[in-house]
Undergrad: 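Okay, here's the structure, questions in a sec.
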Amino acid sequence: MSEINVKFGDIQRSVPAPATVIDALKALDRDALKGSIAAKVNGQEVDLNAELTATDEVLSIEAITADSRDGLEVLRHSTAHLLAAAVLELFPGTKLGVGPALMEDPRYGFYYDVIAPRQLTEADLPVIEKKMREMAKRDLRYRRDVVDKSAILEMFEGRDEPLKCELIDEKVDGTASVYYIDGSPFVDFCLGPHVQHTGKLKAFKLLALSGAYWKGDAERDQMQRIYGTAFASQEQLDAWLKQREEAEKRDHRKLGRELDLFSIQEEYGQGLILWHPKGGIVRMEMERLLREELERRGYSFVFTPHIAKRELWVTSGHEGNYADSMYAPTSIEDEEYRLKPMNCPFHIGIYKASPKSYRDLPQRYSEMGTVYRAELSGTLHGLMRVRGFSVDDAHLFVRPDQVHAEVADCLDFAIKVFETYGFDKVKFELSVRGAAENKGYLGADEDWAAAEDQLASALKERGISYERIEGEAAFYGPKIDIKIEDAIGRVWQLGTIQLDFNLPERFELEYTGDDNLKHRPFMIHRALFGSIERFFGVLIEHYAGAFPLWLAPVQVTVLPITDRINDYADQVAAELRNAGFRVESNTRSDKIGAKIRDAQMQKIPYMLILGDQELENGQVAVRERKQGDIGAMSLAEFKEMISKQKAERSL
RNA sequence: GCCCAAGUAGCUCAGGGGUAGAGCGCAUCCUUGGUAAGGAUGAGGUCGCGGGUUCAAAUCCCGCCUUGGGCUCCA
């Protein structure tokens with residue numbers, strides 16, 4: 001066949017064989033090549049210089065442009081290869097792992113895992129980046145080849161790349177696609193596509209160096225991971241860097257110090273939070289909101305100790321499955337005790353304290369339960385990952401026919417709370433048992449199926465979009481997880497709603513049914529904030545420290561212009577305090593500009609500026625932290641305005 | 001826990017083999033000024049901890065601790 005039929009949108013042409021994608025695109029549309037870095041042929045991504053194979057059918061060709069998502073992925077993936085090539089040039093003998101583009105992670109655009117002949121340090125990054133730029137300028141070609149499995153294995157064995165060989169052995173069946181960057185020592189086992197040559201890569205930057213385990217397995221070799229990002233243009237890269245800088249200003253650790261909310265001090269221990277008075281106020285308000293909802297929804301309040309006998313943790317299974325995360329036992333009069341990592345066994349104790357009838361269910365026990373977990377030091381992170389924290393925990397003991405309604409109410413509860421805080425990017429995940437391996441999962445298949453069904457239908461009824469995740473369920477039952485992003489896009493788990501078939505079994509929980517027989521209740525573990533520390537961290541970043549009035553540690557600050565006004569200022573402050581507001585008055589001998597600046601930096605919602613005029617008219621001049629001066633009004637009017645905001649918890 | 005980096009005043013940071021610096025904050029005094037920084041003076045530091053090298057270490061070397069970015073793990 002000497003002709004190949006191709007189409008591009010509505011246009012259809014024939015090009016003489018042999019032809020590459022470029023030839024076809026040129027023939028089809030003179031502009032199509034502009035901005036393209038790769039293409040799709042019948043939906044399959046290929047390089048621009050890929051040969052077209054002539055068939056009877058018409059090949060549908062689409063251009064992948066640098067500014068599309070697919071294009072960006074090609075760009076980033078190609079840049080990862082350029083990175084590896086530069087490392088190989090600078091450090092001959094470097095072994096390569098994998099180097100994908102990252103499209104979902106807002107922090108980075110790509111990485112490459114390497115084992116260099118010596119440990120790389122951050123000081124090497126600028127050197128490697130410089131080499132990449134040099135190589136980019138030389139327009140080195142990305143060249144694809146297809147070879148037999150034996151040939152590719154031989155090639156990588158020859159290069160002494162055992163990890164690559166392992167990967168190839170697992171993934172290749174028959175033939176494999178390899179990529180070269182001509183004029184560099186780089187070869188990789190890769191499907192592509194890539195840009196035509198390194199000159200297409202213009203806007204990239206290396207960002208970080210870290211350790212990473214081969215295949216994510218802590219037992220395997222530790223490699224060094226070099227992170228970077230790439231964009232279609234320098235402007236986009238600059239904008240991204242600027243935005244990242246802005247996001248870093250919202251870091252809860254930085255704001256926590258500046259706003260005097262909390263601290264973590266070396267002398268007290270890693271991952272242990274000291275809540276300062278201003279953080280304490282926010283926490284009280286968070287708990288107040290919760291308590292109101294808990295009461296409304298028929299929960300009861302319980303309180304339980306921080307330690308329990310070791311045998312209890314054997315019964316609960318924590319000694320078997322969770323001991324690594326628990327603090328070591330401590331002995332009292334020959335009896336061993338352990339600090340609690342979870343609250344569940346205690347709530348079970350309360351349930352078991354007296355026999356239950358089906359009429360008593362559901363029982364809903366809630367508690368701000370403080371737990372301690374011996375997390376690895378490298379995982380600790382401000383308020384987000386700590387070793388001692390309080391969970392807004394609740395355990396619901398329910399009959400099988402009540403599961404659905406209770407889960408639904410938990411979801412409503414969660415939605416209500418998240419709406420109040422103004423979170424819009426909440427993610428729900430339904431974690432279910434993996435289809436493939438049944439290992440470790442407790443309970444009968446029909447229980448799992450029914451439970452998943454209950455969770456899924458509750459989500460659907462609420463119109464909540466969620467992601468179903470296989471194999472992420474707890475070993476004792478499926479769950480719904482609630483997740484949210486921090487300022488720089490890291491995702492943190494907050495709430496969780498989990499069904500549990502296991503603990504009721506282990507603790508032999510029962511209730512008497514209407515048939516006068518013993519039945520086993522289901523247990524629902526649920527937390528909405530997850531950890532109040534983590535939730536606080538997320539809140540700080542969400543508001544960038546500017547808490548809405550109802551949460552703000554200081555709601556109003558009174559700023560007299562001269563010392564003459566100090567008495568009036570104290571009087572105004574006292575009146576607001578009596579009305580239940582958190583007020584400060586700044587009677588220092590600073591100029592009004594300095595007092596305002598201070599208040600702005602403390603992100604106090606309202607400033608009352610008082611001078612001779614206000615004293616004379618019995619008014620207050622109101623400045624709102626975002627709008628600025630909103631004019632003078634009577635104190636009564638101001639009080640009414642903020643009372644309304646407080647009552648409505650407005651944002 | 002593992003890889004890389006960093007720890008100097010309350011905070012942000014400069015300096016660097018020969019007895020410690022700035023700005024902000026804090027204290028006192030002067031100033032009483034209408035919507036994001038008025039002025040002066042002063043108090044604050046075993047330069048993370050321990051060891052080594054050296055006549056001399058905050059500075060160089062080693063170990064540890066803590067923090068930061070990741071990996072694994074997880075609320």
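Naming convention: chains lettered A, B, ... in sequence-line order (proteins, then strands); numbering from 1 in each chain.
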Undergrad: When you measure from the side chain of A:R257, which nucleotide among B:A5, B:U72, B:C11 comes out closest?
TA: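 Out of B:A5, B:U72, B:C11, the nucleotide with an atom closest to A:R257's side chain is B:C11.
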Undergrad: Distance between the P atoms of B:U31 and B:U35, in whole angstroms?
TA: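 Comparing P positions in B:U31 and B:U35 gives a spacing of 22 Å.
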Undergrad: How far, in whole Å, is B:C64 from B:A56 if one measures between their P atoms?
TA: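 Taking atom P in both B:A56 and B:C64, they lie 26 Å apart.
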Undergrad: A cation-pi test, strictly: NZ or CZ of A:R107 under 6.0 Å from the centre of the six-membered ring of A:Y227 and no more than 45 degrees from its axis. Yes or no?
TA: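 Judged by the rule, A:R107 and A:Y227 form no cation-pi pair.
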Undergrad: B:C26 and B:U19: how far apart are their C1' atoms, nearest whole angstrom?
TA: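 Each nucleotide's C1' atom is 27 Å from the other's.
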Undergrad: Quick one: which of B:U72, B:A36, B:G34 gets closest to the side chain of A:M601?
TA: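 Side chain of A:M601 sits closest to B:A36.
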Undergrad: Quick check on RNA chain B: between A:T496 and A:Q613, whose nearest nucleotide comes earlier from the 5' end?
TA: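 Result: A:Q613.
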Undergrad: May I ask you to decide whether A:D113 forms a salt bridge with A:R225, counting only side-chain N to carboxylate O separations under 4.0 Å?
TA: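 Looking at A:D113 and A:R225, the cut-off is met.
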Undergrad: Between P on B:G10 and CD on A:E258, what's the gap in Å once rounded to a whole number?
TA: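 In whole Å, B:G10 P lies 17 Å from A:E258 CD.
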Undergrad: Between B:C73, B:G33, B:U35, which nucleotide gets closest to the side-chain atoms of A:T379?
TA: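 Taking heavy atoms from C-beta onward, the closest nucleotide is B:C73.
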Undergrad: For B:U32, what is the paired nucleotide under Watson-Crick or G-U wobble rules, both distances under 3.5 Å?
TA: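 Per the H-bond distance test, none.
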Undergrad: On a whole-Å scale, what distance lies between the C1' atoms belonging to B:A58 and B:U41?
TA: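 That atom pair is separated by 29 Å.
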Undergrad: Counting side-chain heavy atoms from CB outward, which of B:C73, B:G69, B:A36 is closest to A:R385?
TA: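 For the A:R385 side chain, the nearest candidate turns out to be B:C73.
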Undergrad: Return the CG to OG distance between A:L608 and A:S585, rounded to the nearest 0.5 Å.
TA: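 One finds 10.5 Å between CG of A:L608 and OG of A:S585.
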Undergrad: Which nucleotide, if any, forms a Watson-Crick or G-U wobble pair with B:C60, using both distances under 3.5 Å?
TA: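 Its partner is B:G52.
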Undergrad: Any base atoms under 4.0 Å from A:I592, or only sugar-phosphate, or nothing? Heavy atoms, all strands.
TA: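 Counting heavy atoms under 4.0 Å across all strands, the contact made by A:I592 is with sugar-phosphate only.
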Undergrad: Does any donor-acceptor pair link the side chain of A:Y108 with the base of B:G70 at a separation under 3.5 Å?
TA: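 Result: no qualifying N/O pair found.
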Undergrad: Closest-nucleotide mapping onto RNA chain B: is A:D598 or A:G382 further toward the 5' terminus? I mean the 5' end.
TA: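 Nearer the 5' end of the strand: A:D598.
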Undergrad: By the 4.0 Å heavy-atom rule, please label A:R588 as base, sugar-phosphate, or nothing.
TA: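 Sugar-phosphate only.
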Undergrad: B:G68, B:C65, B:C3: which one has an atom nearest the side-chain heavy atoms of A:R253?
TA: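 My answer, after comparing the listed nucleotides, is B:G68.
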Undergrad: For the pair made of NZ in A:K249 and P in B:C11, what is the distance, rounded to whole Å?
TA: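 Those two atoms, NZ and P, are 21 Å apart.
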Undergrad: Checking contacts here: which listed nucleotide (B:G1, B:U66, B:C3) is nearest the side-chain heavy atoms of A:S377?
TA: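 Looking only at heavy atoms from C-beta outward on A:S377, the closest nucleotide is B:G1.
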Undergrad: At 4.0 Å (heavy atoms only), tell me whether A:F535 reaches a base, stays on the sugar-phosphate, or touches nothing.
TA: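 Counting heavy atoms under 4.0 Å across all strands, no contact is made by A:F535.
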Undergrad: Charged N to carboxylate O below 4.0 Å: is that the case for A:E541 and A:K249?
TA: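 So A:E541 does not pair with A:K249 through a salt bridge.
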Undergrad: By the 4.0 Å heavy-atom rule, please label A:D481 as base, sugar-phosphate, or nothing.
TA: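 No contact at all - A:D481 keeps every heavy atom at 4.0 Å or more from the nucleic acid.
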Undergrad: Counting any heavy atom closer than 4.0 Å, what does A:E248 reach on the DNA or RNA strands: base, sugar-phosphate only, or nothing?
TA: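 It contacts nothing in the nucleic acid.
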Undergrad: Using the side-chain heavy atoms of A:Q493, tell me which of these nucleotides is nearest: B:U35, B:A75, B:C3.
TA: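 Of all the options, the side chain of A:Q493 is nearest to B:A75.
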Undergrad: Closest to the A:T121 side chain: B:A5, B:U32, B:U72?
TA: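 Closest nucleotide to the A:T121 side chain: B:A5.
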Undergrad: Given atom CG of A:L272 and atom P of B:U66, what is their separation to the nearest angstrom?
TA: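 Spelled out: CG on A:L272 to P on B:U66 is 11 Å.
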Undergrad: What does B:C47 pair with, Watson-Crick or G-U, if both distances are under 3.5 Å?
TA: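 With both distances under 3.5 Å required, B:C47 matches none.
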Undergrad: What is the distance from CZ of A:F389 to P of B:A75, rounded to the nearest Å?
TA: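 Rounded to whole Å, this separation is 8 Å.
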Undergrad: Report which part of the nucleic acid A:D324 touches: base, sugar-phosphate, or nothing (heavy-atom distance under 4.0 Å, all strands).
TA: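 Touches nothing.
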Undergrad: Write down the distance between NZ (A:K591) and P (B:U31), rounded to a whole number of angstrom.
TA: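 Going from NZ in A:K591 over to P in B:U31 covers 15 Å.
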Undergrad: Taking the same atom, C1', in B:A57 and in B:U72, what whole-Å distance lies between them?
TA: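 Those two atoms are separated by 39 Å.
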Undergrad: For B:A75, which nucleotide in any strand shown is its Watson-Crick or wobble partner with both distances under 3.5 Å?
TA: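 Checking every strand shown, B:A75 finds no partner, since no pair has both distances under 3.5 Å.
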Undergrad: Using a heavy-atom cut-off of under 4.0 Å over every strand shown, decide if A:G593 touches base, sugar-phosphate, or nothing.
TA: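 Sugar-phosphate: the residue A:G593, judged by heavy atoms under 4.0 Å, touches backbone atoms but no base.
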Undergrad: Less than 3.5 Å between a donor and an acceptor, one on the side chain of A:S589 and one on the base of B:U31, is that the case here?
TA: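 Side chain to base: pair found, below 3.5 Å.
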Undergrad: Classify the ring geometry of A:F536 against A:F547: parallel below 30°, tilted from 30° to 60°, perpendicular beyond 60°.
TA: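 Taking A:F547 first and then A:F536, their aromatic rings lie parallel (interplane angle under 30°).
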Undergrad: Under 3.5 Å, is there any donor-acceptor pair linking the side chain of A:R373 to the base of B:C74?
TA: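 Absent.
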Undergrad: Decide whether a cation-pi geometry holds between A:K483 and A:F428; the criteria are a distance under 6.0 Å from NZ or CZ to the six-membered ring centre and an angle within 45° of the ring axis.
TA: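 Checked: cation-pi criterion not met.
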Undergrad: Could you check if the base of B:G17 is syn or anti? Syn means the glycosidic torsion is within 90 degrees of 0.
TA: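 Chi for B:G17 falls in the anti range.
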Undergrad: When rounded to the nearest 0.5 angstrom, what is the spacing between CZ in A:F535 and CD1 in A:I484?
TA: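 The CD1 atom of A:I484 is 7.0 Å from CZ of A:F535, to the nearest 0.5 Å.
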Undergrad: Would you indicate what A:R490 reaches in the nucleic acid, counting non-hydrogen atoms under 4.0 angstrom: base, sugar-phosphate, or nothing?
TA: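 A:R490: backbone/sugar contact only, no base atoms under 4.0 Å.
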Undergrad: From B:A75, B:G33, B:U66, pick the nucleotide closest to the side chain of A:V386?
TA: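 Side chain of A:V386 sits closest to B:A75.
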Undergrad: Using the aromatic ring of A:W492 (for Trp, its six-membered ring), decide whether it stacks on the base of B:A75 within the limits of 5.5 Å and 30°.
TA: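 No, A:W492 does not stack on the base of B:A75.
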Undergrad: When the C1' atoms of B:G25 and B:G45 are considered, how many whole Å apart are they?
TA: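 The same atom, C1', in both gives a distance of 16 Å.
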Undergrad: Taking B:C24 as the reference, what is the distance to B:C61 when you measure between their C1' atoms (whole Å, please)?
TA: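 My reading of the C1' atoms in B:C61 and B:C24 gives 36 Å.
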Undergrad: Using Watson-Crick or G-U wobble geometry with both distances below 3.5 Å, tell me the partner of B:C24, or none.
TA: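 B:G10 is the nucleotide pairing with B:C24.
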Undergrad: Is the NZ or CZ atom of A:R291 positioned over A:F301's six-membered ring, under 6.0 angstrom from the centre and within 45° of the axis?
TA: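 Because its charged atom misses either the 6.0 Å distance or the 45° angle limit, A:R291 does not stack over A:F301.
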Undergrad: A:I565 has an atom CD1; how far is it from atom P of B:U32, in whole Å?
TA: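 In whole Å, B:U32 P lies 14 Å from A:I565 CD1.
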Undergrad: Is the closest basic N to carboxylate O distance between A:E375 and A:R385 below 4.0 Å?
TA: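 Counted as a salt bridge, because a side-chain N and a carboxylate O are separated by less than 4.0 Å.
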Undergrad: To the nearest 0.5 angstrom, please state how far the CG atom of A:L90 sits from the NZ atom of A:K131.
TA: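 A:L90 atom CG to A:K131 atom NZ measures 5.5 Å (nearest 0.5 Å).
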Undergrad: State which of B:C71, B:U35, B:C26 makes the closest approach to the side chain of A:R623.
TA: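 From the listed options, B:U35 comes nearest.
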Undergrad: Would you mind reading off the distance between A:M607 atom CE and B:G34 atom C1', rounded to a whole angstrom?
TA: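 Result: 14 Å.
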Undergrad: Determine the Euclidean distance between corresponding C1' atoms of B:U46 and B:G7; express it in Å to zero decimal places.
TA: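 One C1' to the other, the span is 16 Å.
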Undergrad: What is the distance, to the nearest angstrom, from the CG atom on A:L261 to the P atom on B:C11?
TA: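 It works out to 16 Å between those atoms.
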Undergrad: Need one value for A:L207: base, sugar-phosphate or nothing, where a base atom within 4.0 Å counts as base even if backbone is also close, heavy atoms only.
TA: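 Since no nucleic acid heavy atom lies under 4.0 Å of A:L207, the category is nothing.
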